[in-house]
Amino acid sequence: AANSKITVGALAFTSHAASFVAFERGYFAEAGLDVEFKFFQAAQPMAVAIASGDADYAVTAISGGLISLAEKGATKVIGGALSEEKGIDGQKILVSDAAFKAGVTTPKALDGKAWGVTQAGSSFHYMGAKIAAAEGISLKYTPLQKTGAVIGALKSGQIDGWSIVPHIAKPLAKSGAVHIIGDVADYIPNYQVTTVFTSAANAANERAKTQAFLAAFSKGADDFNAALVDKTTSADEAEAMVKLIHKYVYTDREYEKAKPSIVNGAMRINKGAALNMSSVNDQLSWFKSEGLVKDSISMDMLVDGSYVSTT
Amino acid sequence: MHDAPRPVPFRGGGFRPQRLRGVGVAVFVVLILLIEWGTRAGWISSLTLPRPSDVVATLVQLWKSGLFFQHVTPSLTRLAVGSAMGVLAGVAVGVMIGLFSLARAGLVPLVAALFPIPKIALLPLFVIWFGIDEGSKYALIALGTFTPTVVATFGAVDNVDRTLVRMGQSFGLRWWSIVRKIVLPGALPGILSGLRISLSIGIILLVAAEMLGAQYGIGAYILEAGSLYDLERLFAGVVILSSLGVLVSWLIAQLEKRLLIWRS
Amino acid sequence: MHDAPRPVPFRGGGFRPQRLRGVGVAVFVVLILLIEWGTRAGWISSLTLPRPSDVVATLVQLWKSGLFFQHVTPSLTRLAVGSAMGVLAGVAVGVMIGLFSLARAGLVPLVAALFPIPKIALLPLFVIWFGIDEGSKYALIALGTFTPTVVATFGAVDNVDRTLVRMGQSFGLRWWSIVRKIVLPGALPGILSGLRISLSIGIILLVAAEMLGAQYGIGAYILEAGSLYDLERLFAGVVILSSLGVLVSWLIAQLEKRLLIWRS
Amino acid sequence: MAHPTILGAGMDLKIEQLSHSYDTVNVLSDISLQVPSGQIMCVVGPSGCGKSTLLRMIGGLERPSAGQVLQSGDVPPDCLNPLTFVFQDFALLPWRSVAGNIELVLEDHPLDGAARAARVADVLARTNLSDFAKALPRQLSGGMKQRVAIARAMAVHPAVMLMDEPLSALDAQTRELLIDDLVGLWMRAPFTAVYVTHNLAEAVRLGHQIVVLSRRPGRVREVMHLSTPLDQRSMADPGLQAAQERLWALMRDEALAADKELAHA
Amino acid sequence: MAHPTILGAGMDLKIEQLSHSYDTVNVLSDISLQVPSGQIMCVVGPSGCGKSTLLRMIGGLERPSAGQVLQSGDVPPDCLNPLTFVFQDFALLPWRSVAGNIELVLEDHPLDGAARAARVADVLARTNLSDFAKALPRQLSGGMKQRVAIARAMAVHPAVMLMDEPLSALDAQTRELLIDDLVGLWMRAPFTAVYVTHNLAEAVRLGHQIVVLSRRPGRVREVMHLSTPLDQRSMADPGLQAAQERLWALMRDEALAADKELAHA
Ligand SMILES: Nc1ncnc2c1ncn2[C@@H]1O[C@H](COP(=O)(O)OP(=O)(O)OP(=O)(O)O)[C@@H](O)[C@H]1O
Ligand SMILES: Nc1ncnc2c1ncn2[C@@H]1O[C@H](COP(=O)(O)OP(=O)(O)OP(=O)(O)O)[C@@H](O)[C@H]1O
Ligand SMILES: [Mg+2]
Ligand SMILES: [Mg+2]
C-alpha cells in the first residue's frame, strides 16, 4: 500500500493522540499512507462520515448510530483504542454541587435523579445505564446534544449526574461547581471505551491499507502509552509528547495551561489496537435491550475481528 | 378584392391557472411508489432513504404503542404556548410600531437586528436564562415567532387604507375608536397571513427547542432517530411535522374564511 | 342667536409614521450601556450576558488576528453558493407553478409539505447524500432558501396584472414574449421581496450547516463558543451574523431601488 | 319618520386669505370664499390645483400655512358632527354591514340604543337603502356604496357637507342617477355643501355658486352664480349648457397644461 | 412624416347571433351587429350587461358560447394586428418608457430597426407625445397614459380599434380633451372602431351608430344612427342633446336596476 491517500476522522481530544503521534512521527508515511485529518465536533457525525466515504478511518465510542450504520452494511469496527483499566485514572462519575449538598455523595443516591447524556445511545447513556443496573437504581436521562451543554447544565444544577473522562472531570471538580463521587471503572470493568472503525468496503476490500493503518496507529499508541500512561520514558520524551499533542488539542490555550489537561487526560490506548470483544458484546446487547437498535444485528455485522487480536 | 368573411381568430386564454384535482395526490403517490421500488430493487441504498412502507409501519407502531401522543402532546403544548407568547407579543409590538413614530424609530432596527440571529446559536444561553425545562423551549419558540409577527403586523398596520382613517377623523371618532374599529380590523388580513409564516417557523423550531433536555416530543424523537441513524423513525417524525405544518396552515385558512368574509 | 365666527377646530393628523432619525441608534446605545453597567455593577451575572466591551474586544481581537476573514469568507461562500442554487431553482420552479396548471397542481402540495420540515433534522442524511464537505452545506442552505423562494415567486407571478397579459395577447405577442416581457418583469418586485426572506433564512441556516464538519465559518465559531459557554465569542459571532443580515437586507434594498425605479 | 330638523340650518363658513404649501410646493394661494347656509358651492379646477387640500382644510383635517377657515352661527343641538365629509372612494369599512357603517359614526356619541337605531333607520329610508341594511360593501355596486356614504354623512345631521368628487369613481349612468338623488335630498331638506368636482356638467347641475380655481398654486379665478332652482336644471337646459361651455372655455388651456405635466420623477 | 396608409381601409366586421354564458350566468343573448369600415360604433348599456365580454369576443380574446364574429375584406399589408384593443386602465407596462411601450407591440414582427423607429416616431408625433418618449408611465397623468395607449394601438396600423371605456378612468376635463383628440385623429384618418362606454355624452360625440344593450343577458335594444359629422358635434348641439336624452330615457330604469343589484355574496 504505497502512498495511498487516506482520510482519518478525529476529535480534538487527547484520546485521539495515537493518530496524531503516528502522523507527526511519520509512522503513517513509513507505512505508505498519505494521511489527512478531518476534525469533527462530535462522534456521531464521524460515524456518518465513514459511511458516506468522507473519512476512511476513525476512532470513537460505540454509539447507537455506529451500530445502525453497521447494520446497514456501511461501517465495521476493526480494532480497539481507549480502555478503562483498574489503576489508571479513568472516567469519573460527577454530580452537581446542589445534588451533592442534598446528599448525593454515592452513585446509589442518584436514584431518580437527572443523568446528563448528549444523545440517546451515546456512551454517556450506556455508562449511566450500567451504573444504574449495578446499583439497582433508575435514572432520568436528559439529552443535551453537546458536552458543553451538559457541563453548563451540571454546573447550574439543572441536571444531577454525569460521567466523563478525567481531564474534563478534574478541573470541573476543582472549581467546586461539581463533585466526583466515583469511577466508571468500578461499574464497567475493562470497558472498551473507544474503537477503531472504518467503512465495510475498506474492511473487506482494502486489507493491505487497513493493516498498514492499524500498524502505524499502534506504533503511535505505544509511544503515547510509554510517555504518558506507563511513564517509562524520560521526562524530555514526555514533554515532547505533550508538545506534539498540544498541536491538536487545546490549541487555543497556552502550552503551560494545556499541559496538565493533556497529562491528566492520558488513558491507555490498547496495544496493537486489541479489541475487547466481551465489552463490545456487552455494549451491543445493552443497545438491543434498550430498543435503540434493531434486534437483528449481530456481532459479525458490527465487528470485523480479522485485523487485531481480540479478547 | 374583398375576401370572403372569415371568423376572427382566437388568441386569448391561458395565464389563468386551472385547478387540477388529484394531481397533487398523484405526485405524492408516484414519488412514494418510486422510492419503495428503488429501495426494494436496491438502486436506492438503505443508507440513502428508508423504505416508505417501513416508515408507515413505524408510524402505525408509534400509534399503536401510544407513544404517538406521548411525543405529539408535549410538542403541541410547546408550540401552542411558545407561539401564543411570541405572536401576542409580536402583534402588540407590531401595532405599537405601526401607530407610534417613536416606537417605530426605536424598535424597527432592533427587530431587524434580531431577525437573522439563528435561534440554535442561543440555546446555551437560553438554558441559563430559562432553565432546561419547558421554560427555555417556550422562550425559543416565542422568540422565533416574535420577529416575523412584528414585521407582518406593522406592515399590515401600514397598509391599512389611510382614507378610512381620515374618514374616522372627519367624523370626530376618538383615537382609540379609530384604532379599535378601523386600524385593527384593517390590519387583520396581514396579521393572519403573518401568522401562517410565524407558525411554520414555530414548527421548524420545535426540533431546536427539543434539543435540550426533552425526553418526549416530535423534535426529540427526530433527534434521537438521527443520532441512531434510524431512518425509518427519522422520516416518521418528519412526516408528522410536515403534516402538522399542513394542518396548521389549513386551520389558518379556515380562520381566514371565518374572519375575513368581508373580503371580496 | 348667531355666534361670533370661530375657527374650524383641527382634528386631522397622526396615523402617519414620522421618520425620527437617531432614535434607532440611541436605543442600541442605551441598551448596550445598560448591559455594560449591569455587568460591571454585578446585577447582571456573567453567566447571563457578557460585558459588551468584552464582546467588542473579542471582535477587535478577531479582526486583528486575521481570524475574522478566516471565519467570514467560508461562511459567505456557503451563503452565496447555497442561496444562489436555492434561489435560482426556487425562481424557476415558482415561475413554472405560476404559468402551468399542471406544475401548480403537482408541486404546490409538495412544497407545502417540504416547508415545515426542519432542516437540522435532515443533517445526518445530508452527509450521506452530499458528503461532509461543502456539498452538504450548500445543499442545506439551498433547500432552506428554495421553498420560501418558490412560494414568493409563484405568488408574484399570480399577482402580475392580468390586464397586461391580455394586452399582450390582444397585440398578438408570442407566448414567450409575454412571459419574458410582461410576466417576469411584473413578478420581479415580489421575487425580490421574497429574496429578502430567503436570504435571512439562509443566514440563519449557516449555523445549522456548519454543525457538520466545519472548522471555520461564523456558524462553527458560534457553535464552538456555545459548547465552551464562552459568551463573549458567542455574542461576537451573533453580532457578525446580525450585521450580515442587516447588510444583506440593505443590499436588496439597493437592488430594488435600481431595478424597480419604475414603481411609483 | 320625517327628518327631525332642517339640515344645515344656520351655519356659515368663511374662508379668509387661505394659503398652503407642502414643503416647497405652493398649493393654494390667497383663497377667500364664503359659503352661505343652505347653499351648495361647487369648486372646479384643473388636476392638482389643490381642491382636495382646500376641502380638507375647511373640514379641519389639515392646517393651512396661512389664513383661516371660520364657522359662524350655531349648530343645531342634534348635530353630532358639524363638518362632515363624503369621499370619492366611499371610505366604507368593508368589514361592517351597511347599517354597521352608519352606526360607526354614532357610536362615539352619547346616544341611547333606540335613538341610534332610529337615526340609522331614518337615513336608510331617506336614501332608499332600507333593504340593504345587512349587506356588506363588497356586495354593492359603486353607486350603492356612495349612497351608503351619503346616508352615513346625513346620520350625524351635519351643518355642512364637504364632498370631494363624490361621483367621480362612478360610471356615467350611475352618476346621473346619483345627481338626481342629491337634488332630491336637497329639495326636501336644503343642506349646506362644498362640492369639489372635475365635472363641469355636475357643477352646473348642483352648484348655487361655482368657484373656478387656477392651476397650482390654486387661486380663485372666477365665482359664477347660478339662480335656476336645482330641480329645474336638466341635462339639456340651454342656459346651463352655456354656463358649462363658458366654464370649459375658462379652464381648457389650464386643464391641458395640467394634463401634460410630468410628475417629479 | 405623414401616416403611410389610411387606417381601417377595407375591413368590415359582422357579429352573427352571438350568445355567451359564464357557467350558469347568461351574459349575452343573440347579438347581431355590423361594423362598417371607417365608422365608429358605440356600445352603451347598464353595468354588467356584457359590453366588455362582447368586445373581447370581437377581438378574439374570448370564445363565444354560440354565434360567431366574422371579418371580411382585406387587411392592408402594413397592418400588424388587425383587431387592436385600447383598454380602460391603459395597460401600459410600468417598467417601459413611453417609446418602449410602443416598441413592445412591434418587437414580435419582422420589422427592421429603422422601420420600427419610424413607426414609433410617427405615432408619437400624431398624438403630440414626441417630448415624452423617454418618460415612464408613473410620471404621466391619466390622460397622457391613455394617449400613449392610443399611440401604441395606432403603431400596428390596425384595421379595427376596439376600445373598452377608454376614457372612464379619466377625470371629466381630461375626458373632454381626449374626445377632441380622438375626433381629430379620426378626421385626419378615419378608422373603424367599436367603442364601449357608459357615458352617453361620449357616445353621441363619437358614434356613427350607437348600440343600446339591455340588462344582463345583454340583447340589442336599439341601434341609433347619427349623421352629424364628428367635427361638427359640440357639447351644446341641441340635436345631440336630444339624442342623449332619448338614450337616457331608454336606459334609466335599467341602469337603476343594475345599480341596485347585489353581487352574489
Ligand atoms: N400630503 C401631501 N404632501 C405633499 N404634497 C401633497 C400632499 N397632498 C397633495 N399634495 C400635492 O399638492 C397638490 C394639490 O393636491 P390636491 O390633492 O389638493 O389637488 P386636487 O386639486 O384635489 O387634484 P385632483 O384634481 O387630482 O384631485 C398636488 O400637486 C399634490 O401633489
Ligand atoms: N371571467 C368571467 N367569469 C364569470 N363571470 C364573468 C366573467 N367576466 C365577466 N363576468 C360576468 O359577466 C357579466 C358581464 O360582464 P362584462 O364585464 O362583460 O360587463 P360590462 O357590460 O362590461 O360591465 P361594466 O359596465 O361594469 O364594464 C357580469 O355579470 C360579470 O360578473
Ligand atoms: Mg382631489
Ligand atoms: Mg366593462
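Computed from a predicted model, the values in this text were never measured in an experiment. Letters A, B, ... mirror the listed sequences (proteins, then strands); counts begin at 1.
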> Residue by residue, which of residues 111-133 of chain C have a heavy atom closer than 4.5 Å to a heavy atom belonging to chain A?
Replying inline: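 Those residues of residues 111-133 of chain C which have a heavy atom under 4.5 Å from chain A are C/P124, C/V127, C/I128, C/G131, C/I132, C/D133.
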Should the heavy atoms of other residues, nucleotides or ligands under 6.0 Å from [atom1] of [X] be counted, would the total exceed 12?
{"X": "C/L102", "atom1": "CG", "value": "no"}
{"X": "A/K155", "atom1": "NZ", "value": "no"}
{"X": "C/Q254", "atom1": "CD", "value": "yes"}

> Non-hydrogen atoms of chain C under 4.5 Å away: do they reach the side chain of A/F39, the backbone, both or neither?
Replying inline: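 Both backbone and side chain.
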